Amino acid sequence: MGGQPASLTEQLRRRWLARCQQLDLDERPSADQGQRLLEAYGEPHRHYHDLRHLDECLGMVDSMPGLADDDRLAAELALWFHDVVYDPRAPDNEARSADRARAWLALAGVALADRVAALVEMTAGHLADPGDDAATAVADADLAILGSAPERYREYAEAIRREYAHLVDDDFATGRTRVLQALAARDPIYLRPDVRAAREARARENIGAELARLGAGLSP
């Protein structure tokens, strides 16, 4: 699956099945859906929006203190589905991913189906209500890569360039610069105080460094 380590694939599979078991969902449909999720995140055109990204997002939510059980559950389910549809050429990945989440969760009888779908749609712009703990958890987890160590950030930036290999360098640089400037204009970038304290300053340094490379005509 897209060159992802088998150990990570199996780790995520076990996590999904354990969560479905906790929700008392039917075993066979849950296993089938888990396989579809893993296959989606393992698609060969994904270089960043892949199983590693999913795992990192889930790990971020695991580490967030003070989340109520319902908020943590909604955030986790949203992250499982937030990039299930990912086509770098398409403008509606989040909406289509939300539709997938709503359809399967409703069919499975999960009461949070609409809530989870709304959280997935929110990742289109990461515009979360600061008072909504599930939404801020999802937004900050999805953007956590921005505040990662510089070497991990460079891996991320290079992976994004590979996902947009269909664009020539100038067009990619223009679009990527627009995205990074919008992220830098967020004040703050991170909505949760714990994530902000750990990652805000480094995120701004990483974004600034990538903007400088793009402005100089260098690779990400």
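Here, residue 1 is the first one in the sequence, and each next residue gets the next number. No experiment lies behind these values; they were computed from the predicted model shown.
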_Chi angles and distances behind the side chain to side chain contact (heavy atoms under 4.5 Å, CB included) call for Q33, L107_ = CA-CA 12 Å; Q33 178 59 29; L107 184 64; over 6 Å; no
_Nearest-0.5 Å distance that lies between atom CG in D142 and atom SG in C57_ = 5.0 Å
*Quick one: are H82 and V138 in side-chain contact, heavy atoms under 4.5 Å?*
no
*asked:* Could you check whether any side-chain N or O of D92 sits under 3.5 Å from a backbone N or O of A95, counting only pairs where one atom can act as donor and the other as acceptor?
replied: no
*Answer yes or no: is there a side-chain heavy-atom contact under 4.5 Å between Y156 and I160?*
yes
*Between CD of E94 and CG of D83, what distance do you get to the nearest 0.5 Å?*
7.5 Å
_Nearest heavy-atom neighbours spanning R192 and P65_ = NH2-O, 2.9 Å
_Rounded distance [0.5 Å steps], CZ in R15 versus CG in L54_ = 8.5 Å
_Pairwise side-chain contact, S148 with R202, heavy-atom cut-off 4.5 Å (strictly under)_ = no
_Whether D194 and R199 form a salt bridge (side-chain N of Lys/Arg under 4.0 Å from carboxylate O of Asp/Glu) is what I want to check._
no
*Mind checking ring-ring contact (aromatic ring centres under 6.0 Å, His included) for W16 and listing every partner two or more places apart, or none if nothing turns up?*
W80, W104
_Could you check whether atom CD of E27 has more than 12 heavy atoms from other residues, nucleotides or ligands sitting under 6.0 Å from it?_
no
_Could you check whether R152 pairs with E155 (Lys NZ or Arg NE/NH1/NH2 to Asp/Glu carboxylate O, under 4.0 Å)?_
yes
*Using a strict 4.0 Å threshold on nitrogen-to-oxygen distance, state whether E10 and R14 make a salt bridge.*
no
*Evaluate the side chain to side chain contact (heavy atoms under 4.5 Å, CB included) criterion for residues D171 and Y164: first the C-alpha distance (whole Å), next the side-chain angles of each, then the deciding distance (0.1 Å), finally the verdict.*
CA-CA 10 Å; D171 289 347; Y164 284 85; over 6 Å; no
*Indicate yes or no: at least one non-hydrogen side-chain atom of M122 is less than 4.5 angstrom from one of L127.*
no
*Looking only at heavy atoms, which two atoms of L119 and A78 are closest? And how far apart?*
CB-CB, 3.6 Å
*Any donor and acceptor pair, going by atom type alone, linking the side chain of S97 with main-chain N or O of V85 inside 3.5 Å?*
yes
*Below 4.0 angstrom, N of the basic side chain to O of the carboxylate: do D169 and R176 qualify?*
no
_side-chain hydrogen bond (donor to acceptor under 3.5 Å, both in side chains) involving Y153 - partner list, sequence neighbours excluded_ = E210
_Set of side-chain hydrogen bond (donor to acceptor under 3.5 Å, both in side chains) partners for D99, sequence neighbours left out_ = R102
*Same cluster for I189 and V179 if Ile/Leu/Val/Met/Phe/Trp/Tyr side chains link at under 4.5 Å?*
yes
_R154 vs R213 side-chain heavy atoms within contact, under 4.5 Å_ = yes
_Shortest non-hydrogen contact between L38 and L51, atoms and distance_ = CD2-CD2, 3.7 Å
*Is any side-chain N of the basic residue among R204 and E200 closer than 4.0 Å to the acidic one's carboxylate O?*
yes
*asked:* Check this for me, if you would: do D50 and R52 make a salt bridge, where the nitrogen-to-carboxylate-oxygen distance has to be below 4.0 angstrom?
replied: no
*asked:* For the NE2 atom of H126 and the CG atom of L143, what is their distance to the nearest 0.5 Å?
replied: 4.0 Å
_Within the structure provided, determine whether L146 and Y190 are in side-chain contact (heavy-atom separation under 4.5 Å)._
yes
*Are D32 and R36 ion-paired here, with the side-chain N under 4.0 Å from a carboxylate O?*
no
*What is the minimum heavy-atom distance between V116 and A101, and which atoms define it?*
CG1-CB, 4.3 Å
*Say you draw a straight line from CE of M64 to CG of D140; how long is it, rounded to the nearest 0.5 Å?*
5.5 Å
*Can you name the nearest heavy-atom pair linking A113 to A106, along with the distance?*
CB-N, 3.6 Å
*With the 4.5 Å side-chain cut-off for hydrophobic clustering, are L79 and L191 part of the same group?*
no
*Side chains of L73 and R19: does their closest heavy-atom pair fall under 4.5 Å?*
yes
*asked:* Please determine whether a side-chain nitrogen of the Lys or Arg among E158 and R161 lies less than 4.0 Å from a carboxylate oxygen of the Asp or Glu.
replied: no
*Any chance you could lay out the side chain to side chain contact (heavy atoms under 4.5 Å, CB included) test for L8 and D55, step after step, and finish with the verdict?*
CA-CA 8 Å; L8 178 56; D55 183 58; 3.6 Å; yes
*Spell out, as yes or no, whether a donor-acceptor pair under 3.5 Å connects the side chain of R46 to the backbone of H49.*
yes
*Check: D133 side chain, D71 main-chain N or O, donor-acceptor pair, under 3.5 Å*: no
*Would you say T177's side chain and T174's backbone share a donor-acceptor pair under 3.5 angstrom?*
no
*Quick one: CZ on R13 to OG1 on T9, what's the gap to the nearest 0.5 Å?*
7.0 Å
*If every non-hydrogen atom of V61 is compared with every non-hydrogen atom of A137, which pair is closest and at what distance?*
CG2-O, 4.2 Å
*asked:* Are P188 and R196 packed together at the side-chain level, in the sense that at least one heavy-atom pair is separated by less than 4.5 angstrom?
replied: yes
*Can you tell which of H53, E163, R96 makes a side-chain hydrogen bond (donor to acceptor under 3.5 Å, both in side chains) with Y86?*
E163
*Without swapping roles, check the side chain of R162 against the backbone of H45 for a donor-acceptor pair under 3.5 Å.*
no
